[in-house]
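Being a predicted model, the structure only gives us computed values, none of them experimental. Sequence positions, counted from 1, serve as the residue numbers for this chain.
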Amino acid sequence: MTKKILVLPGDGIGPEIVAEAVKVLEALRQRHGLDVELEHGLVGGAAIDATGGPLPAETLEQAKAADAVLLGAVGGPKWESLDIGIRPEKGLLGLRAGLDLFANLRPAILYPQLAGASSLKAEIVAGLDIMIVRELTGGIYFGQPRGIRTLDNGERQGFNTLVYAEHEIERIVRVACDIARKRGGRVCSVDKANVLECTELWREVATRVVSQDYVDIQLSHMYVDNAAMQLVKWPKQFDVMVTSNMFGDILSDAAAMLTGSIGMLPSASLNAEGRGMYEPIHGSAPDIAGQGVANPLATILSVAMMLRYSLDEPALAERIEQAVNQVLDQGLRTPDILSEGMTQVNCAAMGDAVVAFV
Ligand code: IPM
Ligand code: MG
């Protein structure tokens, strides 16, 4: 049956990188019989400009009807002065919540060809392969009450709420354990249980889930500050990390940089049925938007994750990953991953090179 993919380019470099990922999908369709139908939609600043809001009802409907969503990036200076409730980022958060995409998988894998691009020494990052499992629809990102209020003395006070119910912790820990079973069998749960009650509960639930249903998994716990330090000190100690929405946001950027460039890392955001949204973990990079120099590989690799997790096409996923490897072997580099002796290419040329190999 034809699978429907909703394509949401978004803002900044979003349209450029998504265009390359779409080329790859098209190539798979024509050459390898991938049975998909693409539909385009609006989200983020692009949606604000066209409709007045970052997540039009139509986009959410399209996303719900699709088998998978491919998203570029949202946001930019143009919309930064808008009220926080109607900024482009709200479109992304609304999609995550609206589709119940509670499990965000962010693999940080070092391509050996890029070891020199990492800011860490090659021996620290060589062979790096970490999976960060970030809770995506709860925690302080969504907790109520939230806002900015004026106190009796006239001073303004900002406030947000960190909340996790047991079932939210339990289901994300299960996702992490299921993934760990197919990898190294180790899960490190990251919290701040020495200070925050909410994450004290997180630690307790994680321990219970593993002792009840995942006795084969080696579970460890780490405070988030230490986890940040350990990530830059000796990242290869980690197999799967599982953590809350905000800690995962921060740690996944740090992990990304270990691999040389945030422009290389894809992500999958899944719901309980395995339906998902796929996007690079980097943002809309307004500073380089429109110049055609963005790295499309994170988005192209997000398509590989889509094929694996939502479209049940693991062989085609591998084909894309192999093609990316071959392109890197050829020495082709966008500016973010450029090193001496390599050939600098622009966004479209990088996309074309991957297409040539899939
Ligand atoms: C990410 C991004 C988003 C987040 C922003 C754009 C809302 O940083 O996906 O990591 O904070 O989740
Ligand atoms: Mg982030």
Q: Begin from the C-alpha positions of Arg203 and Glu200 and carry the test salt bridge (charged side-chain N to carboxylate O under 4.0 Å, His left out) through to its verdict.
A: CA-CA 5 Å; Arg203 186 175 282 221; Glu200 194 186 359; over 6 Å; no
Do the side-chain N and O atoms of [X] and [Y] include a donor-acceptor pair separated by under 3.5 angstrom?
X	Y	value
Asp11	Ser284	no
Gln218	Arg186	no
Tyr141	Asn160	no
Ser244	Trp202	no
Tyr278	Ser269	no
Asn325	Gln113	yes
His221	Thr207	yes

Backbone N/O of [Y] and side chain of [X]: donor-acceptor pair under 3.5 Å:
X	Y	value
Ser302	Glu279	yes
Lys236	Ala126	yes
Gln30	Ala27	no

Sub-4.5 Å side-chain heavy-atom contact between [X] and [Y]:
X	Y	value
Pro296	Thr334	yes
Val293	Asp336	no
Asp253	Ile281	yes
Phe357	Ile320	no
Met131	Leu105	yes
Arg319	His32	yes
Met350	Glu20	no
Phe247	Arg134	no

Hey, could you give me the [atom1]/[atom2] distance between [X] and [Y], rounded to the nearest 0.5 Å?
X	Y	atom1	atom2	value
Tyr111	Asp329	OH	CG	11.0 Å
Lys4	Asp67	NZ	CG	8.0 Å
Ile262	Ser252	CD1	OG	7.5 Å

Is there a path from Met229 to Ile124 through hydrophobic residues (I, L, V, M, F, W, Y) whose side chains come within less than 4.5 Å of each other?
->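 Different clusters: Met229 never reaches Ile124 through Ile, Leu, Val, Met, Phe, Trp or Tyr contacts under 4.5 Å.
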Worksheet item: Same cluster or not: are Met277 and Leu25 linked, directly or through other Ile, Leu, Val, Met, Phe, Trp or Tyr residues, by side-chain heavy atoms under 4.5 angstrom apart?
Response: no
Would [X] and [Y] pass as an ion pair if we require N to O under 4.0 Å?
X	Y	answer
Arg308	Glu321	yes
Glu204	Arg208	no
Arg181	Asp216	yes
Glu26	Lys23	no
Asp49	Lys78	yes

Step-by-step salt bridge (charged side-chain N to carboxylate O under 4.0 Å, His left out) determination, Asp225 to Lys192: CA-CA 8 Å; Asp225 49 349; Lys192 189 71 185 175; 3.3 Å; yes
